[in-house]
Amino acid sequence: MPARELARTGVTLREAGPDDAVCGVTPRWVALPETAEEVSAVLRACAEHDLAVVPAGGGTKLHWGPAPERCDVLLDMCCMNEIVEHAAGDLVVRAQAGVTMDALSAALAERGQELALDPPFAEGGTVGGTLAAAVAGPRAFRYGTARDLLIGITVVLPDGTIAKSGGKVVKNVAGYDLGKLFTGSFGTLGVIAEATFRLHPLPVDRRWIVAVVEPPEVAAAEPCQAGELAAMLAAAQEEPSAVELDWPHGQGPIWMTVLVEGTAAEERARVLRARMGSVVKDAVKDVRDEPPPQWGLIQHDDILAEVRFEPAELTRVLDAVHYSGFSLRGSAVAGRVWLELWDDPGEEKTAEAVAALRARLDGIGARLTVLATPYEGVERWGAVGSLPLMRRVKERFDPGRRMSPGRFVGGI
């Protein structure tokens with residue numbers, strides 16, 4: 001009966017196979033809607049038959065988070081891949097959730113504009129997935145995160161209601177900013193169907209300054225070289241757009257790359273290079289017109305964590321990560337870094353490494369979240385003070401627990 005009801009929606013439907021599994025849980029069917037109305041029809045049918053739904057975009061982050069408690073329908077958004085509107089004069093774009101970030105970037109570049117998000121995967125990530133996982137790239141320091149650049153959103157709630165928030169509102173949900181609420185919700189509140197973003201002109205020029213700095217001393221009480229440079233760069237009149245660190249395995253020297261973009265980027269970069277050299281002698285290598293190959297990318301996310309912290313605590317964060325086995329990459333000035341575990345030591349040692357590192361970071365007010373791991377024995381979230389509020393929001397939007405059940409903090 002459920003398959004018949006799903007077929008009656010008119011949405012393309014197929015039986016699922018092993019390749020459609022979400023963290024080892026294989027759905028029964030895969031639905032491929034093409035409009036928000038078709039998403040609505042699928043969710044209404046699922047509500048009538050108590051079917052659990054997991055939305056999916058490009059699949060680049062589908063292994064993030066725990067396995068769903070159940071998954072009857074995988075909602076594949078690949079067919080919702082249209083750029084609905086690009087108001088170049090207003091620096092605004094509206095796109096369906098299945099548009100890939102690289103396709104959107106290429107289309108905007110033709111008009112000399114960009115969405116200043118630097119997705120952490122080379123290709124394949126979608127608009128919906130980028131919002132649902134709330135990923136941020138190197139230039140979040142200057143332009144903000146996905147939540148900051150989002151000015152309007154269309155979502156489909158678990159009962160099939162289509163709701164809009166922000167620009168060109170048709171129907172809203174009283175008391176809630178849907179854009180902020182759904183960004184980072186990992187598909188647990190409903191389905192992102194469309195998003196409207198604020199754009200920026202493409203920079204006329206870009207330069208990258210590369211430096212190599214020493215790691216902090218053990219139990220460092222004073223700022224390390226990276227900390228000193230980050231403090232100076234965050235306040236620099238030359239206005240760098242990003243300051244990225246790359247520290248393989250948390251050992252040896254730290255690579256720091258600074259992006260300067262816009263008018264007179266070459267001149268500003270050389271002034272900034274000289275200022276950096278005066279803070280840390282012999283650290284700065286050169287000014288380049290191309291970024292390092294790993295710029296802004298996540299390379300190993302079988303075991304992946306994120307750390308958020310006050311930028312002033314950078315030295316102590318680096319001290320905590322030192323010799324932890326985790327490779328660190330991320331922003332020295334925005335207070336957000338990725339930790340990748342390249343060498344998988346097994347479940348027990350991974351759990352011990354995460355627990356030890358979290359304890360050190362908790363002591364300085366930093367928060368570690370494990371985004372991806374194949375091991376159930378690894379504590380992903382740590383203590384979450386806002387969990388009671390998050391549970392109430394989940395109950396408000398998805399009382400039947402049909403949207404990605406168990407995929408978020410606290411089993412939400």
Side-chain angles (χ1 to χ4, degrees), residues 12 32-39 55-62 75-140 142-156 162 164-168 170 178-179 182-183 191-206 241-242 259 261-263 265 289-291 293 295-298:
T12 302
L32 297 96
E34 298 181 22
T35 64
E37 290 72 23
E38 289 194 350
V39 174
T60 56
K61 298 172 286 296
L62 202 57
L75 197 66
D76 190 336
M77 305 295 284
C78 66
C79 296
M80 293 184 62
N81 55 12
E82 293 186 8
I83 298 174
V84 181
E85 179 184 8
H86 179 198
D90 296 327
L91 289 170
V92 169
V93 69
R94 180 162 62 100
Q96 289 184 313
V99 174
T100 61
M101 296 299 290
D102 46 347
L104 179 61
S105 177
L108 296 175
E110 292 179 358
R111 303 291 298 275
Q113 296 179 354
E114 67 170 349
L115 174 59
L117 293 175
D118 308 300
F121 297 94
E123 58 185 18
T126 62
V127 166
T130 298
L131 289 173
V135 292
R139 292 186 298 163
R142 178 171 183 178
Y143 297 105
T145 64
R147 184 178 277 111
D148 300 311
L149 295 174
L150 182 71
I151 59 176
I153 194 169
T154 299
V155 302
V156 186
I162 299 176
K164 298 187 179 184
S165 179
K168 301 182 181 179
V170 176
L178 294 180
F182 273 67
T183 302
V191 180
I192 297 171
E194 288 184 2
T196 303
F197 295 100
R198 175 165 53 94
L199 304 176
H200 289 85
L202 275 174
V204 295
D205 198 6
R206 288 185 172 124
S241 294
L259 170 62
E261 56 185 357
T263 304
D289 57 8
E290 293 289 340
W295 173 260
L297 300 181
I298 293 174

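Heavy-atom basis, side chains included; hydrogens, waters and symmetry copies ignored.
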Please identify each residue that fulfils side chain to side chain contact (heavy atoms under 4.5 Å, CB included) with [X], with sequence neighbours left out.
X	answer
Thr130	Met101, Leu117, Val135
Ala88	His86, Arg111, Gln113
Asp90	Ala87, Val92
Thr60	Phe121

With salt bridge (charged side-chain N to carboxylate O under 4.0 Å, His left out) as the rule and sequence neighbours excluded, what pairs involving residues 147-156 come up?
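Salt bridge (charged side-chain N to carboxylate O under 4.0 Å, His left out) check on residues 147-156 returns no pairs.
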
To the nearest 0.5 angstrom, please state how far the [atom1] atom of [X] sits from the [atom2] atom of [Y].
X	Y	atom1	atom2	result
Leu91	Arg198	CG	CZ	9.5 Å
Thr183	Leu178	OG1	CG	10.0 Å
Leu259	Trp295	CG	CH2	5.0 Å
Thr154	Gln96	OG1	CD	10.0 Å
Arg142	Glu261	CZ	CD	5.5 Å
Glu37	Ile162	CD	CD1	4.5 Å

Candidate list Thr126, Val39, Ile192, test side chain to side chain contact (heavy atoms under 4.5 Å, CB included), partner Met80, passing option
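Only one option passes, and that is Val39.
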
Side chain to side chain donor-acceptor pair (under 3.5 Å) partners for Asp289, two or more places apart:
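Per chain and number, Asp289 pairs via side chain to side chain donor-acceptor pair (under 3.5 Å) with no residue.
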
Shortest non-hydrogen contact between [X] and [Y], atoms and distance:
X	Y	value
Leu131	Ala195	CD1-CB, 3.6 Å
Pro138	Gly296	CG-CA, 3.6 Å
Val156	Ala36	CG2-O, 3.9 Å
Asp76	Pro33	O-CD, 3.4 Å

Given 3.5 Å as the limit, does a donor-acceptor pair link the side chain of Glu194 with the main chain of Gly152, or not?
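Answer holds: no.
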
Between Glu114 and Leu202, is there a donor-acceptor pair closer than 3.5 Å when you use the side chain of the first and the backbone of the second?
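No, the answer is negative, given that no donor and acceptor are paired below the 3.5 Å cut-off.
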
Close side-chain approach of Tyr143 to Asp118, heavy-atom, < 4.5 Å:
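No. Closest side-chain heavy atoms not under 4.5 Å.
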
